[in-house]
Structure formats: C-alpha cells, structure tokens
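Protein chains get the first letters and strands the later ones, always in sequence-line order, with residue 1 at the start of each.
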2 protein chains.
Amino acid sequence: MAAHQVTIKDIAKILGISASTVSRALKDHPDISPKTKKMVQAFAEKVQYRPNALALNLRRSKTNTIGIILPEIVHHFFSSVLAGIDKIAYAAGYNVMICQSSEDYDREVSDAQALLDNRVDGVLMSLSKTTHQYDHIRNLIDHGVPVVFFDRAPEEIEADKVIIDDFTGSKIATHHLIAIGCKKILHLAGPQHLSIGQRRKEGYIAALEENGFSYNPEYIIKCDTRDEVFANAGKILKMANEIDGIFAVNDSTAIAAMQVLLKNDIRIPEHISVIGFGDGPNATIAYPPLSTVEQKGIEMGQEAVKLLIKHIESENEIHANETKILTPVLRIRESTTK
Amino acid sequence: MAAHQVTIKDIAKILGISASTVSRALKDHPDISPKTKKMVQAFAEKVQYRPNALALNLRRSKTNTIGIILPEIVHHFFSSVLAGIDKIAYAAGYNVMICQSSEDYDREVSDAQALLDNRVDGVLMSLSKTTHQYDHIRNLIDHGVPVVFFDRAPEEIEADKVIIDDFTGSKIATHHLIAIGCKKILHLAGPQHLSIGQRRKEGYIAALEENGFSYNPEYIIKCDTRDEVFANAGKILKMANEIDGIFAVNDSTAIAAMQVLLKNDIRIPEHISVIGFGDGPNATIAYPPLSTVEQKGIEMGQEAVKLLIKHIESENEIHANETKILTPVLRIRESTTK
DNA sequence: AACGACACCGCAAACGTTTGCGGTGTCGTT
DNA sequence: AACGACACCGCAAACGTTTGCGGTGTCGTT
C-alpha cells in the first residue's frame, strides 16, 4: 500500500516508448499511430492513470482553483453563498479553496497572500468588518488575479461586484412598517464604514423622509449582533414605550430584539412591529415568525462565480468591470401582521 | 499590471548568481557567505519575492492542503465543523480545499478523485446519505492519503474517526423525557444504513427498555428533515392523541414537528414534550426553546483535523487508527419543562 | 535513382523549486 | 613547496507534465 501514483514516465518505461508519445497518445494527438494510441490508452485505463494536477498546474500556471475569502463560515447567509459558488464552480471544473477571515483584517491579508502563493485562478471575496485598507486586494489584482466581490464590497476598488440593493431593501422594509401604522421606528444599524451598513441606514432614512417623518438620530443604535442586542437591552427597553417599530440590519439582531422585548412582556407585533433583513431559516423558526427582506445567498454566490469564471476565461481581452445588483423582496410574516 | 511574480531565477539573473545560491541564501544555508545572504535577502524583500507554491508542491509532492468532503455546507452543524477545522488548519499552516457532496454518492466519488489528483496531504470526510460502498475511500487510503472521518463514518473502513456517542446521547434524551413523565414517545428517525441514524434509534430503544417500557415499532417513523415532517404531518397528527413525547433525530426535525403540532393547537410541552439532537442556534430561537443534546461541531472539527495532522506529520511511523468519541450533553429548555 | 510527401516518434527545454555533489579559491601548516 | 582544511558557489538532475522541433522510415512518383 501507499502505492505511488503511476505517471506518464512509468507508462513510457513499461511500454518502451517516450513520455512525449504517451502524453500525445492520451490526448489523441494526430501525430500518433492508431496502434500506439490504443496500446497507451488501454494500458493507462488498466493502471488507472490520472494526470498529476500539481505538474499540470506548474506547467500552465493555471490551477483550476478559485479562492474564496469570507468573514465567517458559520453564518447562514455566507454558507449559502458558498453553496451557490460550489455548485457552479464544480460544474465548470473548478476546485474551491476557502479561507475565513473571522472578521480579522490581518487574517484577511494573509489569506490573500496564501491564495496568491497558490496561484488560484481568481478570488471571490467578501470584506471583513475590520478591513479599512485594501493593499492586499490591489496586490492580487496587480498580479493578474481577477477578483469579484460579493455582499461586502469596497467602493475604492475597481472590480466586479455582486451586491444586493441594500438601500432599496431597507427602504421597502421601512415603508412596510409605516404602511402598517408605525410612526416611531428604531433602527438597529450595522457598522457605518461598510457600505452595507451605511446603505441600509440610508434606505431607512429615505423611507422616513418620503413619508414626511422627521428623522431622529436617537432612533439609530449601532447594534448588529445578538450579543450587542443583549448588551444594549437596557437602552432598547427604555425606548420601548416610545417606539412602535424596529427595523434591524439583519435577522439575528431582529430576533434577539424580539426575545428581549417578549421577556419584558412587550407584545409583538401588537405593541412593537419588528422587521429584519436577510431571510435565513431563523426567520421562519423565530417566534413570532419574522418579517424580513429576502437576500438570496445562493443566487449571489452563483452570480459572483459566474462573473469570475467569465473573467478568468476571457483571457487577455479587455475586461470591463460589472456590478450586479440583486433586488431584494419583502417577506411578510407575523412579526408585522397586526 | 498583471505583472508576473518574481522567481528565484529572476533574482539569480539580476544578481548575477545561480538559482541554487539564491535558494540557499533565502533559507539561511551555512554554505552561503554572509555577504551574499544579505544581498539576496535584501533584494528578495525589496521585490517582495514569494516562493511559488505550485513548484514547491511538485518538488516535495506535498501540498500543505487538507481536502474536506462533507454533505452540505448550508447546515449549521457542518459549517461549525468547517469553522473548527479551518481554525486549527490555518494555525498549523495548512490550506483547506472543500467539496460538498450534496448527499450524492457520485459527487462524493468524483470529489475524492479530485482531491487525490490534487495530491492533498490528507482528507477529512463525512459520508453522504446515499453512500453505500467505499471503493473511492479505499482508493485514497491505498494511495497513501490519510483519511479521518467525522460524524458520519463507515464501520467497514479502518481509519481515524471522530464521532459523538450517539447511542448515549439519545439514551440521555429519552431518559429525560421519561423522567418528566412521558410514557409514549415517538421517535423521528434518521436513515438506518448510517450508523448515526441506527445508534440514535438504539439509544432510544435502550432507554425505553431500561425503564421497563415495551418498545413499539409503530412509534418509530423514518423522518429526518423539515420537508419530511410536513410530508408526514398527517401521520404524526393522527398519533398526537396517543403520544406524550417526541424524540427527533435532529433539531430541525424537532422544530418542524413543534410547528406542525402548535398549528393544530397541541401545546408544548403541556401536551407533548419535544426534544431534539444537535443544539444549533435554531434551538434557542425556536418556540418554545428546544431541549436538545449538544453536539459540538467546532470541537469535532478541531479534533478531526488534529488527528489528521498528527497522521500526516508522523510520516512513516506505523499508524494506529484512533476513534475519538465526544460525549454529548443534555440541554434542557422549555420544550420539556412542564 | 532520386526526390518529396507523409506518418510517426523522441529530444530537449520549460514551468519554479531544491539539493547532492563536485569544483575553485584562499588560507595556514609542515 | 605541497598539502589539507575550509568557505563558498554552481551544475545538473529531479518532481510530472507539455510541446516545438527535428529526425527517421516508408511510400509513391517522376
């Protein structure tokens, strides 16, 4: 056991011909006689010859591998994106190499370097929350590695991007709250240096203004994780008498907020209506089922990897950067059904 | 732009020395004079030289890459395992190449082949539900690729394995139901050709017998996904009058069952107590919060990759296969708190 | 008889590294 | 003067492929 894999050289030696002939016979090159081809192909089949991908990669300096850098694997949205990527990549004959930055800038930088060292054909990437500069990304691009961003994309970098229309999405969500009668809406917001956090806040503000409501900065709290909700529970409960609606930047924040409110006998949606953003499986499992804005991770992954493969395989044609914007859809459930 | 990466040859040519000297200077080999070392190292630093991983891999036929084959990425348990793997692997200097079989045997076979072609140093794997034969795995092992299974492992294959003690886990869960007064307990079971499904059923049966209950085969339904619960809703509701407890093979099945029961005005836990298996974030979000058996995905991933790395780096010492059994812990929540 | 056309195959270099081995040059010692 | 010890460096082969180029052999044609 631990048998070494049979190589072209092995076949050549055993069959008494040169490695070049074996190589050509295997790929049906016209220079090789039918008799030799048959012999080589039959023998290769018999010994289960498989080309060594390492050698191929080195030769053509192409690896048929796509690198992925994302903030967290254990996160329903990102793992759906992964699933979408994987499906298309597999069908197109690419492998995927995955790195998670764990929302850490330094890790993101070293991941980018590792992918470059391994000569991946392209990189799919979503920024970590702690990333404020982009030299590691420019480094990839300067070395000819195509980069496509999904979800969290930097405005400063020219590249293909697949994002959802966060502005419109949160505008729709806020409009919905207003439509069912909410007048004082709290926004649990994401970090403002990520366009995603910023856009969602802007959509919220725009919806208020379109409805002639004055926008109250006190009704915006930076709070975008379950833990932050619990940390800010006092603050939120103190406002609970004033407000009648909450729009949270993501579902798990919305759900945690609902749990805090329910525990303090504040009824949802009768007292406060709540809407989230994302539509993972949690939304349907939550109590009450959470209204939210659907953010199709699988579709985002598929679109991103399609753009990347197109870029990779278009070789040296000039490449015009594309930004694909997915339009979000409102999913109304019981948390906003009075 | 699209600048090609600088190589040892480039450095050698520019500095007017041989590639061998550059190579040795970079790794501080004693044969090289301090002056040359300084010169090479300074220059390499300046031009940001990075070794080409492809060439290194070919040379030492080692890739510093770990292959992973798992059924689904979009699944909280598996994505936590991934996160656990990634953390340890990254710290140890390994990259990870991930393939999802999507519960499809053919895909699993071709994934295994792809990992072999890419000469990964080892494989971490959890079987798909449709895998009933193991030649693709034997093929890996026969070619000297260490394989470590996690969670879903075949009994027929000799290899390192990290599993949880499914038998004890479900025995504990069933005992708990009995302890709070349940006498007729329905088991929503997993597929019986996977040891995981089988063991959990056996634990359920053992708990019944230890308490002197007769075991009723009609109280076992093959049903281990949300969709299957909805498909079997009629059957389950028909039994709802007789039974007073449900032990489901996993959390999402348990939660779907609770939703079906609640919709038909059957109260939980007053009328029927429900317990699951897994303890993902869904359990705390469910209504009522779901009692379950904790199955630490992150820890499982970490243990599995540690075993694998140990195997990889022990080289040619004889390797005794280990099976690591993680002990599950009961998490009591409101779904079983009368 | 000589030449061209064609079929078929192998040499060698290349991708970017590493490393055993041998070679040169400079000392100090006898 | 000759030798040994040592420092320092380069050649060449190797990992497993691919591919341009050239080479040989067999025809048929004139």
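Side-chain polar atoms of A/S110 and B/Y90 form a donor-acceptor pair below 3.5 angstrom. Under 3.5 Å, the side chains of B/H136 and B/D111 contain no donor-acceptor pair of N or O atoms. For the residue pair A/E108 / A/T131, a side-chain donor-acceptor distance below 3.5 Å is found, with atom types taken as modelled. For the residue pair A/D104/A/S101, the side-chain donor-acceptor check at 3.5 Å is not satisfied. When only modelled atom types and interatomic distance are considered, A/S23 and A/S20 share no side-chain donor-acceptor pair under 3.5 Å.
If you find the closest nucleotide of DNA chain D to B/P30 and to B/R60, the one lying nearer the 5' end belongs to B/P30. Comparing B/S61 and B/R24 by the nucleotide of DNA chain D whose heavy atom lies nearest to each, the residue mapping closer to the 5' end is B/R24.
Taking atom CG on A/N52 and atom C1' on C/dC15, their separation rounds to 13 Å, with Å as the unit. The distance from atom CG of B/D31 to atom C1' of D/dC6 is 11 Å, rounded to the nearest whole Å. Atom CG of B/N57 is separated from atom C1' of C/dG16 by 11 Å (rounded to the nearest Å). In this structure, the CD atom of A/Q5 is 10 Å from the P atom of D/dG16, given to the nearest Å. Residue A/K62 contributes atom NZ, which lies 19 Å from atom P of C/dC15 at whole-angstrom precision. If you measure from atom NE2 of B/H29 to atom P of D/dG10, you get 14 Å, rounded to the nearest angstrom. What separates CZ of A/R119 from P of C/dC15 is a distance of 13 Å, to the nearest Å. Distance, B/H143 NE2 to D/dG16 P: 13 Å, rounded to whole Å.
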Next on the checklist: Let's go through A/R138 and A/D135 carefully: what are the C-alpha distance in whole Å and the side-chain angles of both, what is the deciding distance for salt bridge (Lys or Arg N to Asp or Glu O under 4.0 Å) to 0.1 Å, and is it a yes or a no?
Outcome noted: CA-CA 5 Å; A/R138 291 198 191 89; A/D135 286 344; 3.1 Å; yes
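For residues 34-46 of chain B, proximity to DNA chain C is found at no residue, defined as any non-hydrogen atom under 4.0 angstrom from a strand atom.
Put simply, the side chain of A/D86 never gets that close to the backbone of A/L82: no donor and acceptor are under 3.5 Å apart. Remark: the backbone N or O of B/T63 is paired with a side-chain donor or acceptor of B/T65 at under 3.5 angstrom.
Phosphate proximity of C/dG16 to B/T7: absent, as no side-chain N or O sits under 4.0 Å from OP1 or OP2. Listed pair B/S33 / D/dC9 meets the phosphate criterion, a side-chain N or O lying under 4.0 Å from OP1 or OP2. Residue A/S23 places at least one side-chain N or O under 4.0 Å from the OP1 or OP2 atom of D/dT18. Contact annotation: A/T21 side-chain N/O to C/dC9 OP1/OP2 distance is not under 4.0 Å. Taking side-chain N and O atoms only, A/Y49 has a distance below 4.0 Å to OP1 or OP2 of D/dT17. Distances shorter than 4.0 Å separate none of the side-chain N or O atoms of A/K9 from OP1 or OP2 on D/dT17.
Picking from D/dC9, D/dG10, D/dT18 the nucleotide with the shortest atom distance to the side chain of B/I32 gives D/dC9.
Using a 4.0 Å heavy-atom distance criterion, A/L58 is classed as a base contact. B/L54 comes within contact range of no nucleotide atom at all, as no heavy-atom separation falls under 4.0 Å. Residue A/L56 is classed as a sugar-phosphate contact, given heavy-atom separations below 4.0 Å to backbone atoms only.
Remark: of the listed residues A/K324, A/K296, A/K161, A/K324 is the sole one forming a salt bridge (charged side-chain N to carboxylate O under 4.0 Å, His left out) with A/E303.
Remark: DNA chain C takes part in the stems C:1-30 with D:1-30, each of 3 or more antiparallel Watson-Crick or G-U pairs, criterion distances under 3.5 Å.
Scored by the side-chain contact (heavy atoms from CB on, under 4.5 Å) test, B/L58 finds A/L54, A/A55, A/L58 as partners (sequence neighbours excluded).
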